[in-house]
Amino acid sequence: MAYLLSAAALAFVLVAVSAQDSTPGQPKDGGPSGMFKVIGDSLVSGQQIFLGTNDKVYIIDKAENNPTRIGAHPAWGSEYTLGGNKARPMDLITNTFCAGGNVLGNGTWVNVGGNAEVMYGGENTVYQDGGGPYHDPDGSHSVRLLDPCDDGNCAWTLAANLTTRRWYPTVETLEDGSLLIVGGSHSSVFVNDASSTNPTYEFWPPRGAPVESQMLLSSLPANLYPLTFLLPSGKILLQANWKTAIVDYQTGIEKRLDDMPDAVRTYPASAGVVMLPLTPANNWTATVLFCGGANISSDQWKTDWNIAQNPASQSCVQLAPDVSPSYSAVDPLPEGRTMGNIIQLPNGKVLILNGAATGVAGNGNDSWAIGESYADHPLLHPVLYNPNAPAGSRWTKEGMSPSEIPRMYHSSAILLPDGSVFVAGSNPNYDYNVADNIPYKTEYRVEKFFPSYFNQWRPEPQGLPANLGYGGNSFDVGLPALGDMVGDVHNIKTAKAVVMRTGFSTHGQNMGQRMVELQVAYTMNENGSAILHCSQLPPNPAVFPPGPALLFIVVGDVPSVGKQIMVGSGKIGAQPVSDPAPLPNSFFPNTFVKADQGNSGAAARAAGWAMGAIGAVLGIVFV
Ligand SMILES: *[C@@H]1O[C@H](CO)[C@@H](O)[C@H](O)[C@H]1NC(C)=O
Ligand SMILES: *[C@@H]1O[C@H](CO)[C@@H](O)[C@H](O)[C@H]1NC(C)=O
Ligand SMILES: *[C@@H]1O[C@H](CO)[C@@H](O)[C@H](O)[C@H]1NC(C)=O
Ligand SMILES: *[C@@H]1O[C@H](CO)[C@@H](O)[C@H](O)[C@H]1NC(C)=O
Ligand SMILES: *[C@@H]1O[C@H](CO)[C@@H](O)[C@H](O)[C@H]1NC(C)=O
Ligand SMILES: *[C@@H]1O[C@H](CO)[C@@H](O)[C@H](O)[C@H]1NC(C)=O
Ligand SMILES: [Cu+2]
């Protein structure tokens with residue numbers, strides 16, 4: 001193998017270092033790859049979380065007796081600063097107990113619904129106005145708004161109430177950047193029944209009276225937090241209990257697809273559910289993956305048997321609703337899991353963590369409950385799914401170690417810009433509870449999980465845009481000294497640009513989570529640097545609805561640090577769309593092809609962080 005010390009490459013590295021502000025560099029706060037690390041205290045329990053800015057995660061709990069106070073009452077919200085690993089309490093005003101949320105096309109986050117005011121011990125009141133011990137007025141039809149900020153000065157505000165009360169609603173961002181708010185219940189229940197259910201959807205900003213859904217009416221009782229996905233067709237995949245439909249919310253027409261096989265996936269069975277990456281290779285066709293949950297029939301959702309020891313389902317199925325009405329089985333989970341949080345990673349793989357091997361979501365004072373938990377046998381080990389691996393070998397635990405913290409009911413997880421996963425919550429209790437005899441206490445510890453790429457040198461893309469639209473001109477991203485950074489210049493052929501929304505995480509769902517791969521071409525330079533030519537998003541906002549997102553460049557299996565960008569016009573309303581400009585043909589110089597003969601480049605390929613770092617410092621180019 002020949003090493004060539006290149007003065008030009010060295011100069012380039014020095015320039016790159018001084019221009020670090022605009023280029024995502026290496027993660028500032030890396031950790032051991034495949035492992036969890038406790039990073040801080042969330043102050044309130046992380047029942048609902050979302051990434052607001054590059055540096056802030058917003059945390060929403062239910063109203064309960066958290067020792068952290070704000071004003072005259074306990075706090076049930078906080079803002080977590082990733083940079084300093086410190087949280088500040090925030091006032092959520094009304095009771096956010098099991099609310100839903102998502103982001104508008106203009107960047108404002110919305111948290112909707114919740115429950116009535118509570119008394120000590122989590123006892124429900126009849127709807128009240130905040131006179132109880134926690135000063136948490138009825139939140140069941142609240143609309144709470146937040147414009148995330150980095151200066152520590154933003155606050156939640158209340159907008160006009162929803163038309164109806166919604167406990168456990170789902171919120172989906174539509175292609176015009178407005179929100180669809182789906183289902184829930186009018187009152188405090190474990191699962192819905194005919195008298196509690198709110199079998200309707202409505203919009204925000206409001207578009208009048210709620211619309212009744214036959215699908216929600218026919219999916220009792222396990223239809224709280226119904227599963228929704230905006231499809232590239234502009235229609236909504238709606239899945240609840242054993243039923244499935246495509247809903248055209250413009251006309252109210254619902255088309256039935258096949259029933260869900262094997263297990264209930266909705267709350268409280270709580271499978272991990274995610275839309276797999278929409279890519280040029282699959283023509284941006286949606287496939288939704290459902291993993292785990294519980295095989296509980298509609299007449300078994302009573303608390304007169306020991307649900308906490310019911311084995312969770314191992315079944316994984318997928319559905320491509322625009323292609324076929326039928327589910328197909330894919331590799332089952334290594335072990336049955338309920339309440340798994342499913343996280344789309346920027347390299348296309350899917351991580352599942354948190355949850356339990358037996359039981360379901362929910363809590364109660366039943367004699368068989370574990371403390372108050374309806375689940376038991378926490379699963380501490382994450383599992384990784386590779387949708388592109390051959391059937392039979394898609395799941396792995398390799399290179400990953402377990403957490404020490406059970407994450408049971410009311411846990412959450414989201415991807416962060418550095419590619420790590422923020423993990424919070426767990427509180428299967430009526431009220432804040434850290435009593436010694438309670439096995440699953442109210443949990444405030446925040447962890448990060450570091451996927452395998454945390455021991456590899458990360459691509460350092462230059463010139464990432466701050467905005468992306470639908471179609472139009474392409475943009476160029478510089479990739480300096482690719483051979484040094486990622487071990488092999490041939491990796492340029494695998495380079496991807498991916499746009500991700502990390503979503504609003506609660507109850508095992510990340511509402512709005514999705515990943516779109518852009519069309520790309522490359523120009524590899526003889527000196528080892530490269531240009532990645534990238535199209536903007538496909539000219540269809542239903543592929544990726546407008547609003548904030550993260551943009552990553554992935555080379556080989558390794559993502560850069562992501563940059564927060566704005567997708568679309570930055571406004572709610574019809575999004576501008578244009579034909580995509582053609583990309584140049586990809587180019588790879590002959591010199592590399594020749595030099596490669598008789599030189600497998602194995603050492604370079606094997607080079608991890610250390611080799612990349614040495615190469616970067618010395619300006620060595622592998623030829
Ligand atoms: C590498 O080559 C490209 C294309 O000729 C050039 O634009 C770039 O400046 C070069 N980079 C370095 C570090 O010499
Ligand atoms: C986004 O739109 C909503 C609804 O009109 C509005 O309440 C909010 O203030 C807007 N946010 C921004 C940042 O303009
Ligand atoms: C559950 O039991 C606890 C402990 O006895 C009590 O404080 C609480 O009020 C009960 N909650 C409900 C909703 O029954
Ligand atoms: C929402 O409804 C509650 C009653 O549940 C009422 O007290 C409150 O004033 C309403 N809020 C707004 C902003 O209209
Ligand atoms: C689910 O449970 C039913 C009995 O309630 C059983 O007939 C069926 O085989 C089970 N399905 C699976 C996939 O285990
Ligand atoms: C890709 O999808 C678009 C939009 O649905 C369709 O018009 C086009 O024919 C598809 N292309 C291929 C190659 O299937
Ligand atoms: Cu809940």
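We count ligands from 1, going down the list as the structure has it; atoms in each ligand are counted the same way. The structure presented is a predicted model; accordingly, all values stated were derived computationally and were not measured.
Every atom of ligand 1 is numbered from 1 in the order shown, and the set under 4.0 Å from a heavy atom of Ser529 is 1 (C). Residue Asn295 has at least one heavy-atom neighbour below 4.0 Å for each of these atoms of ligand 5: 1 (C), 2 (O), 3 (C), 8 (C), 10 (C), 11 (N), 12 (C), 14 (O). Near Asp262, the atoms of ligand 5 lying under 4.0 angstrom from a non-hydrogen atom of the residue are 13 (C).
Taking the six-membered ring wherever Trp is involved, the centroid distance between the rings of His507 and Tyr409 falls below 6.0 Å.
Side-chain contact between Ile307 and Trp368 is present, with heavy atoms from C-beta onward closer than 4.5 Å.
Of the possible donor and acceptor atoms, one in the side chain of Asp193 sits under 3.5 Å from a partner among the backbone N and O of Ser196. The main-chain N or O of Gly121 is found under 3.5 Å from a side-chain atom of Asp431 such that the two form a donor-acceptor pair. Looking only at distances, a side-chain donor or acceptor of Thr244 sits under 3.5 Å from a matching main-chain atom of Asp258.
Remark: Tyr327 engages Phe290 in a ring-ring contact (aromatic ring centres under 6.0 Å, His included) (not counting sequence neighbours).
Sorted by chain then number, the residues whose non-hydrogen atoms approach ligand 3 to under 4.0 Å are Gly121, Glu123, Asn365, Glu372, Tyr430.
A side-chain donor-acceptor contact under 3.5 Å links Asn241 and Ser298.
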